[in-house]
There are 2 protein chains.
Amino acid sequence: MIAHHAPPPHDPRQNHLLAALPADEYAHLLSHLELVQMPLGLALYESGMQMRYVYFPTTAIVSLLYVMEDGASAEIAVIGNEGIVGVSLFMGGETTTNRAVVQSAGHAYRLQGLLLKDEFNRAGGRRAGTMQNLLLRYSQALITQMSQTAACNRHHSVDQQLCRWLLMSLDRLPANELIMTQELIANMLGVRREGVTEAAGKLHAAGLIEYHRGHITVLDRAGLEARVCECYTVVKQEFDRLLPEAIIP
Amino acid sequence: MIAHHAPPPHDPRQNHLLAALPADEYAHLLSHLELVQMPLGLALYESGMQMRYVYFPTTAIVSLLYVMEDGASAEIAVIGNEGIVGVSLFMGGETTTNRAVVQSAGHAYRLQGLLLKDEFNRAGGRRAGTMQNLLLRYSQALITQMSQTAACNRHHSVDQQLCRWLLMSLDRLPANELIMTQELIANMLGVRREGVTEAAGKLHAAGLIEYHRGHITVLDRAGLEARVCECYTVVKQEFDRLLPEAIIP
DNA sequence: TCAACTCGGTGCGCTGGCGTACAGACGCTT
DNA sequence: AAGCGTCTGTACGCCAGCGCACCGAGTTGA
């Protein structure tokens with residue numbers, strides 16, 4: 001019992017983008033990476049606000065939301081340990097029209113925007129750094145996710161979208177339990193809370209999930225996959241294709 | 001009357017991205033730019049297909065569509081002379097899950113993908129070429145458009161979306177007339193043809209548009225702007241912010 | 001000139017999701 | 001132990017948009 005309460009083993013390489021960097025580029029960044037807590041509901045960015053940092057989630061999950069003038073919202077994309085929050089920084093925009101909110105509490109490593117830009121633009125012996133290549137391919141994966149979200153919003157039912165949402169969250173979590181009320185899910189999907197209650201009720205009746213006051217446990221992942229719309233699969237396959245070095249297990 | 005029937009004055013710089021390039025970078029590309037006709041309905045890319053060229057529209061308009069397994073479709077983004085079709089090429093993905101279809105006939109200049117990549121990665125005396133900077137900012141604008149489309153699909157009515165669609169098309173055309181059947185608009189928006197008929201009927205009744213068998217004339221642009229949802233404005237402002245050197249008049 | 005086709009208009013019943021309202025259940029606080 | 005706030009379940013009317021069916025007016029081509 002020499003050391004109990006050892007600090008949890010945080011490692012930037014829990015983030016798949018950081019893990020995919022070659023040793024030299026990683027070393028370059030390491031000293032500038034700062035571990036931060038990501039409590040549920042924290043807004044990393046607000047629409048139009050200057051972004052100072054980018055975030056590499058390890059255990060946290062972040063949602064990109066668009067919030068309309070009347071307060072209604074819609075989730076545009078989800079970012080977990082496979083990605084980076086703040087692509088607008090290296091795209092050159094400095095701000096987005098989206099809000100970035102912590103959807104599942106955990107940790108992330110953050111990096112000053114300026115440092116990321118330097119690394120992005122650093123052209124060594126090769127034409128461009130691995131970092132640039134990696135970030136661009138991730139951005140395309142993110143674009144795919146957004147475009148699929150647009151199509152899914154147009155054509156698929158709340159039931160199907162709930163399945164998609166659960167699976168996408170599950171892919172980015174170590175456990176099969178989500179801490180998330182139906183009300184919050186409704187905000188993400190941009191639907192009524194009652195709609196989520198009803199859809200979740202069906203999944204429960206089918207024995208796929210169990211839930212209780214803000215805790216959702218997935219019992220039968222395969223069952224969800226059988227019900228989900230094509231959108232989930234398309235996005236996942238595209239991520240795997242674009243970022244083979246960072247495949248989510 | 002020395003020269004009648006002079007060839008129409010095609011110029012790559014009708015495309016705002018090309019026009020925004022500094023002289024040396026433009027000169028680099030010029031000899032490789034190839035003028036192509038873009039007939040209505042032509043598919044530049046299909047989902048998952050290798051992309052050989054990128055396209056810089058001058059008078060044509062291109063829609064990015066996602067086509068679902070059941071054949072239903074949804075427009076993800078629109079690209080006219082303010083942009084470039086084929087961002088996936090320099091993002092590193094080579095393919096997209098989207099289909100790119102000519103929505104309004106006209107012309108574009110195309111460029112071999114490999115040449116574009118070279119130009120994108122060319123680091124001269126400066127850290128990175130203007131081209132890279134420009135294309136990345138355009139990509140972010142495109143991301144904004146996609147994300148707004150997702151939100152709009154979730155929350156806004158067909159009426160509003162039709163206004164948005166008309167205005168976005170109008171911004172990319174020299175005239176105030178569109179060649180487009182209601183059926184095709186319905187495909188783009190991912191709604192029923194009858195829904196478009198009804199929405200268009202309202203706009204007609206309000207004296208904003210006139211149409212007749214595939215020809216739509218906008219009579220009162222300000223009237224459309226008064227009815228459109230916020231999505232149109234948000235996207236347009238973001239384009240102007242990100243690409244001040246390529247503002248659509 | 002007539003037939004075939006395309007485009008747009010209209011009507012009808014259906015349903016998914018919305019807004020609203022309310023009630024029970026759980027759990028934390030005091 | 002009581003009380004209050006949060007989370008979930010249910011119910012009811014309403015409406016936008018869907019699927020379908022049909023029709024008339026233009027346009028094109030033989």
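In what follows, every chain begins at residue 1, and chains take the letters A, B, ... in the order their sequences are listed. These figures come from a predicted structure and were not determined experimentally.
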Between which nucleotides of DNA chain C, 5' to 3', does chain A make heavy-atom contacts below 4.0 Å?
C/dG17 to C/dG27
Separation of atom NE2 in A/His155 from atom P in D/dC18, rounded to whole Å:
9 Å
Interatomic distance, A/Arg193 CZ vs D/dC7 C1' [rounded to whole Å]
8 Å
Please say whether more than 12 non-hydrogen atoms of neighbouring residues, nucleotides or ligands are located less than 6.0 Å from CD in B/Glu198.
no
Round to the nearest Å and state the distance from B/Leu189 atom CG to D/dC18 atom P.
10 Å
Report which part of the nucleic acid B/Gly214 touches: base, sugar-phosphate, or nothing (heavy-atom distance under 4.0 Å, all strands).
sugar-phosphate
When you check the gap from the basic side-chain N to the acidic O, do B/Glu183 and B/Arg193 get nearer than 4.0 Å?
no
Value in whole Å for how far the P atom of D/dG19 lies from CD of B/Glu194:
9 Å
Confirm from the modelled atom types if A/Arg213 and D/dT8 form a donor-acceptor pair under 3.5 Å, side chain to base only.
no
Set of residues satisfying side chain to side chain contact (heavy atoms under 4.5 Å, CB included) with respect to B/Val78, sequence neighbours excluded
B/Ile61, B/Glu75, B/Gln103, B/Gln145, B/Met168, B/Arg172
Can you find a side chain N or O atom of B/Arg192 that sits less than 4.0 Å from OP1 or OP2 on D/dG17?
no
Quickly work out the A/Asn153 CG to D/dG17 C1' distance and round it to whole Å.
16 Å
Quick one: pull up CD1 in A/Ile216 and NE2 in A/His204 and give me the separation to the nearest 0.5 Å.
11.5 Å
Take atom CD in B/Gln37; do more than 12 heavy atoms of anything else shown fall under 6.0 Å from it?
no
What's A/Glu198 touching, base or sugar-phosphate or nothing? Going by heavy atoms closer than 4.0 Å.
nothing
For B/Tyr109 and B/Asp11, which heavy atoms make the closest approach, and how far apart are they?
OH-N, 3.3 Å
Considering heavy-atom distances to DNA chain C, does A/Val158 or B/Thr181 have its closest nucleotide positioned more toward the 5' end?
B/Thr181
Identify the two heavy atoms, one from A/Cys163 and one from A/Leu224, that lie closest to each other, and give their separation to 0.1 Å.
SG-CD2, 4.0 Å
Integer-rounded Å distance: D/dT8 C1' and A/Ile185 CD1
12 Å
Most 5' of A/Glu183 and A/Arg154 on DNA chain D, judged by nearest nucleotide
A/Glu183
At under 4.0 Å, does any side-chain N or O of A/Gln182 touch on OP1 or OP2 of D/dT6?
no
d(CD1, A/Ile216; C1', D/dT8) in whole Å
12 Å
